[in-house]
There are 2 protein chains.
Amino acid sequence: MANKRQPKRRSGCPLNASVEMLGDRWSLLIIRDMMLLGSHTFKEFLASYEGIASNILADRLRRLEAYGIIRTEQDPADGRKLIYELAPKGIDLAPVLTEMVLWAGRHEKTENQALIRIMQKDKQKFIAEIRRRWAYETASSKSK
Amino acid sequence: MANKRQPKRRSGCPLNASVEMLGDRWSLLIIRDMMLLGSHTFKEFLASYEGIASNILADRLRRLEAYGIIRTEQDPADGRKLIYELAPKGIDLAPVLTEMVLWAGRHEKTENQALIRIMQKDKQKFIAEIRRRWAYETASSKSK
DNA sequence: CAAGTAGCTTGCAAAATGCAAGTGAAAATG
DNA sequence: CATTTTCACTTGCATTTTGCAAGCTACTTG
């Protein structure tokens with residue numbers, strides 16, 4: 001179920017591979033919620049401002065897991081809850097998200113100028129901090 | 001027609017803005033064709049390996065123009081042809097494309113390893129070269 | 001043990017996508 | 001200079017994806 005084989009790629013181009021995994025209206029927003037807001041549960045993703053429908057969310061989470069971008073664990077404290085977290089492949093999307101945010105910041109009127117300014121100031125540091133935070137979270141969730 | 005106002009954004013998040021403009025299965029591939037392959041015409045985009053349908057292509061080109069990412073000119077030498085080129089906003093997508101290519105290169109089996117190696121070797125140089133090439137192309141098309 | 005709550009699924013309508021076959025204007029060909 | 005080709009699309013229709021509202025089931029909480 002987690003490893004349903006994809007039918008096949010439209011082409012071998014690496015950009016096409018990225019687009020096939022991430023090129024829709026929701027996947028990157030889910031990853032943003034995990035990476036920047038620290039969301040971990042179905043309910044938190046559902047509550048995010050853009051308002052994804054629950055069936056679409058379930059589908060996207062399944063796909064992202066099948067691609068190895070996120071992974072799922074049972075919450076040891078609450079048997080109803082699943083904890084979604086970024087896999088290393090998902091954490092490696094930090095530079096992609098960063099560039100997309102910076103691009104929009106440069107060309108569109110958007111909110112969250114604070115985030116944009118932090119990214120502009122030192123992109124590498126920002127990405128390094130995301131990696132550090134996730135190294136910590138993964139370690140701590142394993143040690144529970 | 002080129003400036004049909006968007007209904008409204010789902011949210012003010014800069015990443016959401018990017019996703020609303022680029023988050024589909026074709027837009028970034030069209031930009032890739034312009035940026036990396038030097039495609040300029042409808043026919044060239046149609047011929048690209050992934051095989052976009054002509055009605056979808058027409059729609060994406062219209063949208064990308066409406067967003068200010070590409071622009072259109074008549075070919076002075078052939079009245080049937082339109083020349084599509086990247087606007088500055090489109091050229092500024094080079095870092096986004098680069099990171100997406102590098103991410104796929106790191107995590108998927110893809111072709112075009114040569115491109116990936118060039119990007120890995122010196123990302124900034126690669127992006128600078130795209131900018132330089134486009135500065136030249138725009139200048140030369142204007143001077144015709 | 002009744003009333004939530006979390007994470008889904010289901011059914012159905014609406015929108016987006018894809019395919020094949022046009023169309024009209026402008027070039028190239030004979 | 002009439003005919004064929006090329007180019008950038010459009011049209012009609014089937015298929016797929018998305019979105020909305022309403023369940024449903026296994027837990028947990030009071």
Side-chain angles (χ1 to χ4, degrees), chain A residues 1-2 4 6-11 16 19-30 33-34 38-67 70-85, chain B residues 1-2 4 6-11 16 19-30 33-34 38-67 70-85:
Chain A
M1 196 186 290
K4 191 199 218 171
Q6 300 306 121
K8 77 179 128 206
R9 294 245 174 86
R10 294 178 298 183
S11 83
N16 179 63
V19 164
E20 291 194 1
M21 288 185 273
L22 305 169
D24 71 87
R25 297 179 92 59
W26 294 110
S27 298
L28 285 169
L29 297 182
I30 293 170
D33 285 356
M34 301 182 84
S39 299
H40 286 294
T41 62
F42 195 92
K43 199 191 169 190
E44 286 174 303
F45 300 130
L46 257 194
S48 202
Y49 185 80
E50 289 90 359
I52 189 171
S54 59
N55 54 343
I56 307 296
L57 174 57
D59 178 71
R60 286 313 110 96
L61 289 170
R62 244 177 271 129
R63 289 189 50 190
L64 290 172
E65 192 181 5
Y67 286 132
I70 67 175
R71 61 161 87 103
T72 309
E73 282 178 34
Q74 281 281 345
D75 185 333
D78 185 338
R80 293 168 304 178
K81 281 191 186 165
L82 282 182
I83 297 174
Y84 291 96
E85 51 182 34
Chain B
M1 195 187 292
K4 194 199 219 169
Q6 299 306 120
K8 77 180 131 208
R9 294 247 173 82
R10 294 177 299 184
S11 83
N16 179 62
V19 164
E20 291 194 0
M21 288 185 273
L22 306 169
D24 70 88
R25 295 178 93 58
W26 295 108
S27 297
L28 285 169
L29 297 182
I30 294 169
D33 285 355
M34 301 182 84
S39 301
H40 286 294
T41 63
F42 196 92
K43 199 190 168 191
E44 286 174 305
F45 300 129
L46 257 194
S48 202
Y49 186 78
E50 289 90 357
I52 188 171
S54 59
N55 54 342
I56 307 296
L57 174 58
D59 178 72
R60 287 311 111 93
L61 290 169
R62 242 177 273 129
R63 290 189 49 189
L64 290 172
E65 192 180 5
Y67 286 132
I70 66 174
R71 61 160 87 104
T72 309
E73 282 178 35
Q74 280 281 345
D75 185 332
D78 186 336
R80 292 166 304 178
K81 280 191 188 166
L82 282 182
I83 297 173
Y84 292 95
E85 50 182 35

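Just so we're on the same page: letters track the sequence lines, and every chain starts at 1.
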Any B:W26 side-chain nitrogen or oxygen under 4.0 Å from OP1 or OP2 of C:dT17: no

Does a nitrogen or oxygen in the side chain of A:R62 sit under 4.0 Å from OP1 or OP2 of C:dT9?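 The answer is yes; a side-chain N or O of A:R62 sits under 4.0 Å from OP1 or OP2.
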
Report the nucleotide, chosen from [options], that has the shortest atom-to-atom distance to any side-chain atom of [X].
{"X": "A:N55", "options": "C:dT10, D:dC9, C:dG7", "answer": "C:dT10"}
{"X": "B:A58", "options": "D:dC9, C:dC8, C:dC19", "answer": "D:dC9"}
{"X": "A:L82", "options": "D:dT10, C:dG7, C:dT17", "answer": "C:dG7"}
{"X": "B:K43", "options": "C:dG18, D:dC7, C:dT9", "answer": "D:dC7"}
{"X": "B:Y84", "options": "D:dT10, D:dC9, C:dC8", "answer": "D:dC9"}
{"X": "B:K81", "options": "C:dG7, D:dC7, D:dC9", "answer": "D:dC7"}

Please report the closest heavy-atom contact between A:R60 and A:D24, naming both atoms and the distance. NH1-OD1, 3.2 Å

Looking at A:S11, is its backbone amide N or carbonyl O close enough to the side chain of A:N16 to form a donor-acceptor pair, meaning the two atoms are under 3.5 Å apart? yes

Sidechain-backbone polar pair: B:E20 side chain, B:R9 backbone, donor-acceptor under 3.5 Å: no

In whole angstroms, how far is the [atom2] atom of [N] from the [atom1] atom of [X]?
{"X": "A:L57", "N": "D:dG19", "atom1": "CG", "atom2": "P", "answer": "12 Å"}
{"X": "A:R63", "N": "D:dT16", "atom1": "CZ", "atom2": "C1'", "answer": "13 Å"}
{"X": "B:L46", "N": "D:dC7", "atom1": "CG", "atom2": "P", "answer": "11 Å"}
{"X": "A:H40", "N": "C:dG7", "atom1": "NE2", "atom2": "P", "answer": "12 Å"}
{"X": "B:E50", "N": "C:dG18", "atom1": "CD", "atom2": "P", "answer": "12 Å"}
{"X": "A:D75", "N": "D:dT29", "atom1": "CG", "atom2": "P", "answer": "10 Å"}
{"X": "A:I52", "N": "D:dT17", "atom1": "CD1", "atom2": "P", "answer": "16 Å"}
{"X": "A:L29", "N": "D:dG19", "atom1": "CG", "atom2": "C1'", "answer": "16 Å"}

From CZ (B:F45) to NE2 (B:H40), nearest 0.5 Å: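 The CZ atom of B:F45 sits 8.5 Å away from the NE2 atom of B:H40.
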
Assuming nearest nucleotide by heavy-atom distance, tell me which of B:D59 and A:S54 is located more 5' along DNA chain C.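 Between the two, 5'-proximity favours A:S54.
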
Nearest nucleotide by nearest heavy atom, which residue falls closer to the 5' end of DNA chain C, A:R10 or A:F42?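 Nearest-nucleotide comparison on DNA chain C picks A:F42.
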
Check: D:dT28 base within 3.5 Å donor-acceptor of A:R80 side chain: no

Does A:I56 or B:D78 map to a spot on DNA chain D nearer the 5' end, using the closest nucleotide for each? B:D78

Answer whether the closest heavy-atom distance between the side chains of A:W26 and A:E50 falls below 4.5 Å. yes

